[in-house]
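Throughout, a chain's letter reflects where its sequence line sits, starting with A, and its residues are numbered from 1.
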Protein chains: 2
Amino acid sequence: MTQIQFTFKKTPARLAISEFLSGVKAPVDVEQIIEYLRLQKLDTNKVTVYRILDFLFKNQIIDRVEFGEGKYRYEFKTNHHHHHLVCTSCGRVQDVEANVVEKLENEIQKNKNFKVQSHSMEFFGLCSACQK
Amino acid sequence: MTQIQFTFKKTPARLAISEFLSGVKAPVDVEQIIEYLRLQKLDTNKVTVYRILDFLFKNQIIDRVEFGEGKYRYEFKTNHHHHHLVCTSCGRVQDVEANVVEKLENEIQKNKNFKVQSHSMEFFGLCSACQK
DNA sequence: GTATTTGCAAACACTTTGCAAGCAT
DNA sequence: ATGCTTGCAAAGTGTTTGCAAATAC
């Protein structure tokens with residue numbers, strides 16, 4: 001029984017970023033990550049942060065999403081696939097699951113002969129607090 | 001009976017960009033728009049193109065989408081809401097409709113008390129030609 | 001010891017802004 | 001004539017690259 005293994009030197013910056021991402025409840029941008037590192041007294045260069053995120057993303061440890069802001073956001077890969085509800089007023093982000101999408105993928109596969117590998121889905125609107 | 005009206009000076013660049021976007025079958029980026037304008041012998045400044053797209057987007061004449069490329073793509077607003085199948089191999093883009101999403105929005109509204117205003121959904125994978 | 005990882009500087013890609021000149025109406 | 005629109009230069013934001021020094025193993 002073999003196991004997929006990749007070289008992963010446990011440097012302070014990598015550990016801290018993994019730690020941070022695993023604890024966060026909504027996708028964060030690079031700025032927030034650097035801010036966290038600063039609080040941890042780790043003055044990591046922005047370039048290094050980008051490279052670590054690239055590394056984690058390519059090794060499928062984290063997900064990368066876009067909220068129409070012209071930048072990427074990152075979050076730890078979860079075992080339950082989910083999507084996001086992004087409040088256009090306060091920016092709050094909630095998770096939401098959608099089993100219908102898997103069904104949809106099967107239909108697309110069949111009707112369009114398109115082999116779906118991944119998808120992205122975000123909802124924008126007003127969270128409960130901002131509707132008042 | 002009043003009608004919502006916005007000042008829309010019909011300048012050559014605006015007309016050409018509208019013309020181009022209305023004829024295109026997949027969302028295009030700014031570079032493609034400028035290339036089109038060049039072919040039309042309209043050497044429009046890039047800044048002007050951005051401003052026109054901004055204008056059309058804010059007036060809800062066009063849609064702006066992201067395909068995880070770190071840039072925006074634009075397409076004419078259609079009366080039938082649709083999503084995209086983006087081929088990760090050749091880049092081909094097809095449209096797909098998904099009525100399930102409306103149902104999903106209602107559920108979200110009810111279960112999460114989140115007022116959905118808009119959403120984005122893209123599928124990435126292999127088109128029929130690239131599966132061979 | 002050695003290959004990987006980091007920091008720095010610089011560049012790159014995409015987008016926005018300020019202001020004066022130009023143009024549609 | 002007037003206010004909207006454009007071009008130019010510049011700057012802003014997010015991201016990537018080259019290379020030598022530092023570091024995990």
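In this structure, B:I52 places its CD1 atom 9 Å from C1' of D:dT6, rounding to the nearest Å. The interatomic distance linking A:N45 (CG) with C:dA9 (P) rounds to 9 Å, in whole Å. Nucleotide D:dT5 holds its C1' atom 12 Å from the CZ atom of B:F8, rounded to whole Å. The interatomic distance linking A:L53 (CG) with C:dT6 (C1') rounds to 15 Å, in whole Å. In this structure, A:D43 atom CG and C:dT6 atom P are separated by 15 Å, rounded to whole Å. Atom C1' of nucleotide D:dT16 and atom CZ of A:F57 are separated by 16 Å, given to the nearest angstrom. Atom C1' of nucleotide C:dT4 and atom CG of A:N59 are separated by 13 Å, given to the nearest angstrom. For A:F55 and D:dA24, the CZ to C1' distance is 13 Å, given to the nearest whole Å.
Comparing D:dG7, C:dT6, C:dA9 by their nearest atom to the side chain of A:V47 picks out C:dA9. For A:R14, taking side-chain heavy atoms from C-beta onward, the closest of the listed nucleotides C:dT5, C:dG7, D:dG7 is C:dT5.
The minimum heavy-atom distance between B:G70 and A:E66, with the atom names listed, is N-OE2, 3.7 Å. Closest approach of A:I52 and A:A13 over heavy atoms only: CD1-CB, 3.6 Å.
Taking the six-membered ring where tryptophan is involved, the planes of A:F67 and A:F124 are perpendicular, since the angle between them exceeds 60° and thus also 30°. Between A:F8 and A:F55, the angle of the ring planes goes over 60°, which puts this pair in the perpendicular group of the 30/60° scheme.
The closest side-chain donor-acceptor pair between A:Q117 and B:T88 falls under 3.5 angstrom.
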I'd like a list of close polar pairs between nucleotides 11-15 of chain D and the protein, N/O only, cut-off under 3.5 Å.
residue, atom, partner, partner atom, Å
D:dT15, OP1, A:Y72, N, 2.9
D:dT15, OP2, A:Y50, OH, 2.7
D:dT15, O5', A:Y50, OH, 3.4

For nucleotides 20-23 of chain C, tabulate all protein N/O to nucleotide N/O atom pairs closer than 3.5 Å, reporting atom names and distance.
none

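Ion pair A:K110/A:E107 not flagged as a salt bridge, since none of the NZ, NE, NH1 or NH2 atoms sits closer than 4.0 Å to an Asp/Glu carboxylate oxygen.
With the nearest nucleotide of DNA chain C identified for both B:D54 and A:A13, A:A13 has the one nearer the 5' end.
For the side-chain hydrogen bond (donor to acceptor under 3.5 Å, both in side chains) with A:H83, the qualifying choice from A:Q94, A:E97, A:E122, A:H119 is A:H119, the only one to do so.
A donor-acceptor pair is defined here as one N or O able to donate and one able to accept, closer than 3.5 Å; such a pair exists between the side chain of A:Y72 and the backbone of B:G68.
Residues A:I17 and A:L15 fall into different hydrophobic clusters, defined by Ile, Leu, Val, Met, Phe, Trp and Tyr side chains chained together at heavy-atom separations under 4.5 Å.
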